[in-house]
Amino acid sequence: MEQKLIRNFCIISHIDHGKSTLADRFLELTETIPKSKMEEQYLDRMSLEREHGITIKMHPCRMVYPFEEEEYILNLIDTPGHVDFSYEVSRALAAVEGAILLVDASKGIQAQTIANLELAKKEGLSIIPAINKIDLAHSQVEKNKRELANLLKIKEEDILKISAKDGTNVEELLKVVIEKVPPPKIPENQGTRALIFDSKYDSFQGVVAFVRVVEGEIKKRDEFILLQKKKEGEVKEIGYFVPDLSPKENLSTGMIGYVKTGMKNPEDVRIGDTIFIKEKKQKAEEKKVLPLAGYKEPETMIFSSIFPKEPTTFAEIKEAIEELHLSDPSFSFEEERKKMIGIGFRCGFLGILHFEIILERLKKDYKLNIVVVRPTVPFRIVLKNGEEENISSAEDFPEPSFIEKIEEPWVKLEIITPKDYFNDILQLFRPFKINFISSENFGEEKLKINCGMPFRKLIENFYDKLKSISQGFASMSFDFLCWKEAELLKMDILVLKEKEPSLSKIVEKSELEKEARETVEKIKKIFPSQLFSVPIQAAVGGKIIARETVKAKRKDVTASLYGGDVTRKKKLLKKQKKGKEKLALKAKISVPSEVVIKLLKE
Ligand code: GTP
């Protein structure tokens with residue numbers, strides 16, 4: 001295989017700007033997928049991706065395209081656009097030499113356009129800009145092209161105008177990829193090495209590593225060593241993504257493909273590790289080969305606990321969580337035991353969507369019955385006795401009388417919005433405790449607003465509120481800013497007069513009453529009604545602050561009675577009331593995880 005005919009590239013953009021649709025056109029053009037089998041967003045194969053209409057995982061695919069009397073191998077990786085999955089994007093970027101940067105002609109440059117562009121620049125990739133959705137009636141192609149040219153400091157002529165939907169200029173774009181993206185570099189002779197940029201678990205064949213061969217040739221039955229984990233194994237199968245796994249004889253320098261490792265313990269094969277092929281029994285240590293750069297695992301910013309509904313399924317949940325962690329190391333977990341719930345897992349996520357997707361995967365892909373705890377940000381607490389604690393669960397929050405000082409994480413927020421929505425967006429500042437820092441003109445009609453806010457408030461559905469107040473035009477990105485002192489306390493929620501640890505929340509002292517009232521009202525709205533009425537109370541340190549009642553589902557016990565037998569009717573209703581009281585006393589309701597999720601969204 002001649003390396004000069006290989007092009008490895010990604011498609012990056014803000015969410016929904018058309019990456020997967022563009023990938024569809026490439027798959028058609030290169031006849032990778034026969035027309036009869038083609039369906040929209042073909043690479044988004046996970047059922048959750050199809051349900052949500054978003055890309056969650058990166059998707060590699062190998063295509064072959066004839067150009068100027070040569071046959072080019074084009075290895076494409078489609079990436080997600082949502083900020084919660086930017087770790088996926090950064091891993092994909094480390095496996096390629098170029099990136100198509102797509103901008104939706106009706107929305108223009110948005111926050112993740114810039115964030116993903118910065119990631120691609122850091123990797124030193126060739127950037128191929130394109131304005132997409134030019135077929136849309138309300139698109140502003142020329143204006144957005146000027147803005148993109150300004151951002152990239154290039155000429156407007158260097159930006160292609162395309163429609164991923166109807167295929168306009170898509171073939172030209174593919175040709176520009178061949179011309180502008182450099183072929184893989186051929187490094188100095190360090191032995192056969194490949195970077196693991198993703199992986200998945202196959203219950204029969206163990207871990208399948210997605211690799212970018214940096215140097216050499218990997219073949220079936222080669223013996224390898226993982227340089228970080230120091231584990232050894234044998235290549236069971238090797239091949240390409242088309243986009244399903246297609247076995248081949250070998251993978252050589254610069255290629256993207258997969259290696260079936262046969263390893264059964266997901267922990268042994270880490271994303272970012274280096275597969276080193278032991279040649280002629282020469283050990284890696286003797287050659288003193290260093291592992292490839294790998295990836296810095298991102299710090300998880302929100303935490304929740306996941307417990308089995310039936311304790312007997314603990315082992316199944318553990319297995320599922322380990323598997324999910326294998327292909328998504330940004331999701332962290334450790335075992336924990338909680339007094340009122342039992343044994344489960346404390347898990348860390350990059351954001352609320354990340355949390356939701358992991359839950360859905362556990363429920364739908366693994367068919368597990370789980371209980372979850374309302375997610376929270378971490379807190380740093382200094383106790384009166386001088387001890388310091390890092391808390392990442394509302395349940396563990398100490399009583400106010402023990403606390404000397406509390407600090408919470410703040411984020412630096414960058415909002416990009418058309419100027420017309422500035423005043424509407426300002427209305428969100430007070431309820432979300434946002435500190436305005438500065439604003440500057442961005443492009444021709446937009447503003448970039450810099451501000452700071454407690455991360456605790458950001459996860460209260462701020463992004464959706466920002467979207468709806470700006471009719472979808474404002475976008476945001478955020479980054480950790482600093483730790484700041486705050487006056488916070490734990491608000492307990494009681495269901496049927498019993499503390500429900502999955503619903504506790506850390507709130508500001510000054511807002512306790514408002515929070516208590518609003519929370520019980522919200523829970524009342526979303527709690528599934530039972531055969532008896534369910535009191536919902538908010539309390540601090542045993543003192544009830546607010547209360548609502550979820551009314552009982554009423555079964556019409558008198559339905560079978562004709563006419564007006566009033567005494568009998570009354571008697572039956574009385575009997576029903578007694579029955580319900582008994583039921584309520586006996587019941588221990590486990591709060592469905594949907595309630596926890598809906599509570600975050602309301
Ligand atoms: P994420 O991976 O979730 O970030 O989304 P994406 O960037 O892959 O976007 P996707 O391809 O899923 O497209 C989002 C929406 O835009 C879909 O409804 C597409 O049909 C639509 N779309 C994509 N390209 C075009 C285009 O060129 N013209 C029009 N009119 N619609 C498009």
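Read the numbers this way: they start at 1 and go in the same order the structure lists the ligands and their atoms.
Among all protein heavy atoms, the one lying closest to atom 31 (N) of ligand 1 is Lys165 CD, 3.6 Å. Considering only non-hydrogen protein atoms, atom 10 (P) of ligand 1 sits nearest to Thr21 OG1, 3.6 Å. When only non-hydrogen protein atoms are considered, atom 17 (C) of ligand 1 lies nearest to Gln41 NE2, 4.0 Å. The nearest heavy-atom contact from the protein to atom 9 (O) of ligand 1 is Gly18 N, 3.2 Å. With respect to atom 30 (N) of ligand 1, the closest heavy atom belonging to the protein is Asp135 OD2, 2.9 Å. The protein heavy atom nearest to atom 24 (N) of ligand 1 is Asn132 ND2, 3.3 Å. Looking from atom 14 (C) of ligand 1 to the surrounding protein, the closest heavy atom is Asp16 O, 3.5 Å. Looking from atom 4 (O) of ligand 1 to the surrounding protein, the closest heavy atom is Lys19 NZ, 2.8 Å.
Atom numbering of ligand 1 starts at 1 in the shown order; those under 4.0 Å from a heavy atom of Ile15 are 3 (O), 4 (O). Of all the atoms in ligand 1, the ones that sit under 4.0 Å from a non-hydrogen atom of Leu136 are 30 (N). Close contacts of ligand 1 with Ile54, meaning ligand atoms under 4.0 Å from a residue heavy atom, involve 3 (O).
In this structure, Phe478 has its ring center under 6.0 Å from that of Phe455. Remark: aromatic rings of Phe432 and Phe462 are close, center separation under 6.0 Å.
Judged by distance alone, the side chains of Asp166 and Ser163 do bring a donor and an acceptor atom under 3.5 Å apart. If you check the side chains of Ser13 and Lys19, you find a donor sitting under 3.5 Å from an acceptor. No donor-acceptor contact under 3.5 angstrom links the side chains of His17 and Gln112, judged on distance only.
Rounding to the nearest 0.5 Å gives a distance of 4.5 Å between CE of Met58 and CD of Glu88. One finds the CZ atom of Phe349 at 9.5 Å from the CG atom of Asp328 (value rounded to the nearest 0.5 Å).
Considering backbone and side-chain atoms alike, Ser20 places an N or O below 3.5 Å from some N or O of ligand 1. Taking any N or O of Gly81, backbone or side chain, at least one lies under 3.5 Å from an N or O belonging to ligand 1. When only interatomic distances are considered, the shortest N/O to N/O separation between Ile162 and ligand 1 does not fall below 3.5 Å. For Lys133, a nitrogen or oxygen atom sits less than 3.5 Å from a nitrogen or oxygen atom of ligand 1, counting backbone and side chain alike.
Across the listed options Asp166, Thr55, Leu22, Thr55 owns the non-hydrogen atom lying nearest to atom 3 (O) of ligand 1.
Glu323 has no carboxylate O lying under 4.0 Å from a charged side-chain N of Arg361, or vice versa, which leaves the two without a salt bridge.
Side-chain N or O atoms of Asn169 include one that pairs as donor or acceptor with a backbone N or O of Lys161 at under 3.5 Å.
Partner of Glu444 under the salt bridge (Lys or Arg N to Asp or Glu O under 4.0 Å) criterion, out of Lys143, Lys145, Arg146: Arg146 alone.
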